[in-house]
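Every chain is numbered from 1, with letters handed out A, B, ... down the list of sequences.
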Number of protein chains: 2
Amino acid sequence: MTPQRESVMAAVTQLVHATPDQVADAVPGVDLTTVYRTLETLEHIGLLAHTHLGHGAPSYRLAADDHVHVVCHRCSSVIDAPAGLADQLSRQLAEERGFILDRSHFTVFGTCADCAAGSSHD
Amino acid sequence: MTPQRESVMAAVTQLVHATPDQVADAVPGVDLTTVYRTLETLEHIGLLAHTHLGHGAPSYRLAADDHVHVVCHRCSSVIDAPAGLADQLSRQLAEERGFILDRSHFTVFGTCADCAAGSSHD
DNA sequence: ATAGCTGCAAACGGTTTGCCTCACA
DNA sequence: TGTGAGGCAAACCGTTTGCAGCTAT
């Protein structure tokens with residue numbers, strides 16, 4: 001655990017969800033390359049997890065923070081839902097196909113209630 | 001419907017799942033930029049849909065081909081599962097949160113049976 | 001004439017690579 | 001003194017933008 005790694009962990013902890021770019025901004029003095037390499041390392045040893053919350057950069061968070069993501073692609077809001085939301089699907093995939101769902105990577109897209117209500121704009 | 005658009009539709013139909021790059025390879029003489037713009041247009045008018053099957057480029061397919069994707073991130077295999085797989089989750093999100101799940105964009109990740117069995121590597 | 005589509009080239013965002021340096025076992 | 005971590009710059013991939021030419025109203 002180098003100082004840079006401690007800083008990156010601290011930044012992700014504080015930001016809850018963070019792209020590599022956001023992490024780099026939060027840890028001035030640490031090179032962006034180092035941020036990428038560090039995020040990868042920390043994920044590999046199981047401290048962090050990432051998922052894709054949209055078209056851009058991936059979002060990192062603490063692996064211990066076990067929840068799934070529900071993203072509105074109209075307003076881009078991200079809802080953190082309890083991990084249990086994926087349980088039934090997870091069970092079904094396991095039973096029918098022996099497939100082990102990775103919940104940490106689980107994100108679904110759609111239209112949130114607010115956007116569905118005021119569904120004027122595209 | 002220009003000739004280029006017909007070609008792109010034909011290519012996606014034939015490839016089943018195709019990245020913009022793969023489409024461009026399948027339609028020589030059509031510029032990559034045109035492929036991007038055409039895929040976007042065809043998606044907008046409801047003929048195509050795309051989802052993200054991994055870290056790289058998005059994958060386009062016919063919108064009429066209504067299924068969800070299950071991806072093994074160990075061997076990168078893509079399983080096309082019936083759209084019904086998402087029904088329970090879809091219902092739950094609608095009831096609890098008024099969230100309308102977009103099935104065309106639905107992809108889940110995990111470890112397939114084969115990789116889970118021979119789980120030596122990585 | 002006008003509007004929309006195409007091609008080409010350049011810009012762009014996000015990420016990775018190569019290489020050289022430094023710190024510490 | 002050798003191994004791993006960090007910094008910097010350049011390459012890289014996928015995508016978008018600007019612009020000019022073409023085609024079919």
Kindly say whether the aromatic ring centers of H52(A) and H55(B) come within a distance under 6.0 Å.
yes
Could you tell me if T19(A) and S59(A) have a donor-acceptor pair between their side chains, going purely by distance under 3.5 Å?
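No - no donor-acceptor pair under 3.5 Å links their side chains.
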Decide whether S104(A) and D102(A) meet the rule of one side-chain donor and one side-chain acceptor closer than 3.5 Å.
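Yes, because at least one side-chain N or O of S104(A) sits under 3.5 Å from a partner of the opposite role on D102(A).
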Greater than 12 external heavy atoms within 6.0 Å of Q88(A)'s CD:
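Yes, the 6.0 Å shell around CD holds more than 12 heavy atoms from other groups.
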For E40(B), does the CD atom have more than 12 heavy-atom neighbours from other residues, nucleotides or ligands under 6.0 Å away?
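Result for CD/E40(B): open.
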Looking at dT6(C), I'd like to know if its phosphate oxygens (OP1 or OP2) sit under 4.0 Å from a side-chain N or O belonging to T2(B).
yes
Inter-residue atom distance L93(B).CG - I100(B).CD1, 0.5 Å rounding:
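CD1 of I100(B) is found 11.0 Å from CG of L93(B).
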Enter the distance from F109(A):CZ to H73(A):NE2 here, rounded to the nearest 0.5 Å.
8.5 Å
Reading nucleotides 9-25 of chain C 5' to 3', which nucleotides get B (base under 4.0 Å from a protein heavy atom), which S (sugar-phosphate only), which -?
B----SBBBB-------
I'd like to know if R74(A) and D114(A) make a salt bridge, using a cut-off of under 4.0 Å between side-chain N and carboxylate O.
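No.
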With the side chain counted from C-beta on, respond yes when I79(B) and H69(B) share a heavy-atom pair under 4.5 Å apart, and no when they do not.
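When only atoms from C-beta onward are counted, H69(B) and I79(B) do not touch, as no gap falls below 4.5 Å.
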Just by distance, do the side chain of E95(B) and the backbone of Q92(B) share a donor-acceptor pair under 3.5 Å?
no
Can you pull out the residues from residues 3-10 of chain A that lie within a 4.0 Å heavy-atom distance of DNA chain D?
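Correct list: Q4(A), R5(A).
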Rounded to the nearest Å, what distance is computed from the CE atom of residue M1(B) to the P atom of nucleotide dG4(C)?
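These atoms are roughly 17 Å apart.
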Taking heavy atoms of chain B and a 4.0 Å limit, find me the 5'-most and 3'-most nucleotide of DNA chain D within that range.
dG14(D) to dG18(D)
